[in-house]
Amino acid sequence: MCAGSYSQELTLLEQVHVALGLASKLEEFYLIVASMLVDPNTFGFSRAFFLRYDERTRTFSGRLALGAGSREEHERFRNELLEEARRLKEQVEVVQRESPEALALQPIYNLRYHSLWIQLLQGREEGTGLNDGFQRLLLRRDRLSQRHLLEKVANASGAVLLDDKTTERGGLEPYVQLPAVAGRLFTRRGLHSILIADRLYEDQRLGEETLYHFQWLLNHASVALENVELVEQLQATTQRLQEVDRLKTTFLSIVSHELRTPLTSIIGFVHLLAQEKAGPVTQWQRDLLRRISQHSAHLQSMVNDILEIAEVEAGGMINVHLEAVDPLAALLTTIPKIEARRGAKKVAVEPVMGQAIPMVLADASALERIYYHLLDNAVKFTPGEGKVLVEFHQEQEQLDIAIVDTGIGISQENLKLIFNHFYQVDSRLERNYGGMGIGLTVVKLLLAAIGGKIRVESTPGHGSRFVLTFPVAEEPA
Ligand code: ADP
């Protein structure tokens with residue numbers, strides 16, 4: 001172990017810290033820890049081994065082995081690394097001498113230093129026969145004796161110095177030479193792996209000091225490992241969620257496509273019947289056909305809404321044509337559609353007209369659909385005999401259109417959520433109000449496409465106020 005003095009130890013600590021911080025995948029983590037262990041300037045072991053523990057099968061399996069296959073190879077490897085380190089150190093000294101500023105060179109140097117080791121070691125990995133053999137190794141924990149190297153380490157709380165006399169190697173003979181140091185890597189999930197390092201081709205002794213530094217690496221490595229596992233878990237979860245989201249979008253779009261075709265036929269045939277193209281109909285039959293027609297149209301608009309959401313989610317766009325639109329005319333076209341659906345409820349929808357209402361820059365059919373959803377909600381959540389008002393208010397170049405109801409209202413926390421699709425404040429199966437929870441999502445998408453805005457104010461128990469804002473259009477000549 002090269003680290004002797006306090007300041008040297010600090011540098012070593014810093015290097016371990018920086019290097020371990022670089023790992024975001026398990027493979028990288030193994031490589032970084034192993035490279036530090038065989039680094040002649042830090043830990044200086046000849047070889048380092050990881051044995052990953054699988055709690056489910058109770059087996060240890062060889063994960064990675066680094067090091068030389070012979071004394072000559074070890075010497076050459078060591079000299080190469082030392083030479084590389086020396087060259088880097090020289091470069092850093094030159095920069096430090098010639099640069100007037102005391103840059104944070106030391107950490108940069110350490111970082112490069114370690115990434116270089118890693119490159120070197122990665123290059124070596126393929127050529128090392130030892131590595132291949134070790135990868136295939138598998139030892140069952142329940143077949144190991146108490147004296148077995150792995151069992152001893154798995155049960156010890158700290159790093160241990162293993163010697164020939166008290167330790168069995170059963171199954172590890174071709175790989176691990178004793179004396180060696182070993183310790184366990186632990187995460188919140190339990191025993192993760194066992195780390196072993198030996199000094200096959202070095203003459204330095206393995207003593208208490210080595211053990212102390214090794215333990216210290218284990219502590220740091222366990223924390224780093226925990227982070228790596230968390231990052232990997234997070235990545236896996238994100239990937240899974242993205243996949244689920246994609247499936248949902250595909251599902252929605254297929255289903256709504258398939259629903260649209262038969263619906264169009266139903267609407268067409270009902271129309272033919274109502275027009276007596278297939279023979280005379282009685283008044284009662286006409287009334288029933290009108291209702292079928294209304295319900296089918298409603299179903300069709302729901303299917304179209306879902307399809308639109310699915311298309312936008314899949315990266316598509318809503319087709320709109322921006323032009324000067326009369327907001328009052330669009331409202332008057334929409335009101336009968338709501339009444340057809342809500343007629344029985346006796347909630348009046350009334351525009352408040354005090355001033356001249358300017359034209360706005362929008363898309364007429366998009367604006368009608370926006371009105372439709374907001375009015376449909378306003379009527380739905382307002383008790384019978386109540387009133388829904390639509391107020392217009394011009395403020396310079398903008399027109400505010402407020403849909404005001406005296407219904408059940410929305411709490412502050414729910415206000416943030418109602419624009420998410422399929423979100424309903426009351427989502428119980430036996431909920432009191434119908435709907436799919438997509439009306440406001442469609443409103444949001446349409447507004448984004450035509451460049452309008454929406455805000456909501458609401459008091460639970462008193463009612464809600466959904467305010468649309470559009471730019472005023474230049475009056476047509
Ligand atoms: P839904 O089809 O359920 O009406 P929306 O996306 O249009 O779907 O609305 C989502 C939810 O927001 C509704 O289920 C309801 O809980 C709440 N909401 C929307 N508008 C109003 C309103 N005017 N008054 C009270 N709650 C409302």
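Everything numeric in this text was worked out from a predicted model, so none of it was measured. Throughout, residue positions are numbered sequentially from 1 according to the sequence presented. All values below come from the heavy atoms of this structure, side chains included, with hydrogens, waters and symmetry mates left out. Each ligand, and each atom within it, is numbered from 1 in the order the structure gives.
In the model, E151 has a side-chain atom that pairs as donor or acceptor with a side-chain atom of N155 under 3.5 Å. Looking at Q300 and N304, their side chains never bring a donor and an acceptor atom within 3.5 Å of each other.
The existence of a salt bridge linking D400 and R465 is excluded, since no basic side-chain nitrogen approaches an acidic carboxylate oxygen closer than 4.0 Å.
By the 3.5 Å distance cut-off applied to N or O atoms, G409 is not counted among the residues near ligand 1. Considering backbone and side-chain atoms alike, F466 places every N or O at 3.5 Å or more from each N or O of ligand 1. Of the polar atoms of G439, at least one N or O is found under 3.5 Å from an N or O of ligand 1, judged by distance alone.
A side-chain donor-acceptor contact under 3.5 Å links E276 to the backbone of V281. Between the side chain of Y371 and the backbone N or O of P327 there is at least one donor-acceptor pair closer than 3.5 Å.
Under 4.0 Å from ligand 1, the heavy atoms of K380 that appear belong solely to its side chain.
Looking at L375, N377, D376, it is N377 that brings a heavy atom closest to atom 4 (O) of ligand 1. The option from S411, A378, G437 that lies nearest to atom 2 (O) of ligand 1, judged by heavy atoms, is G437. Across V379, I410, D405, N420, heavy-atom proximity to atom 25 (C) of ligand 1 is greatest for I410.
Side chains of M36 and H220 form no contact here, defined as non-hydrogen atoms less than 4.5 Å apart.
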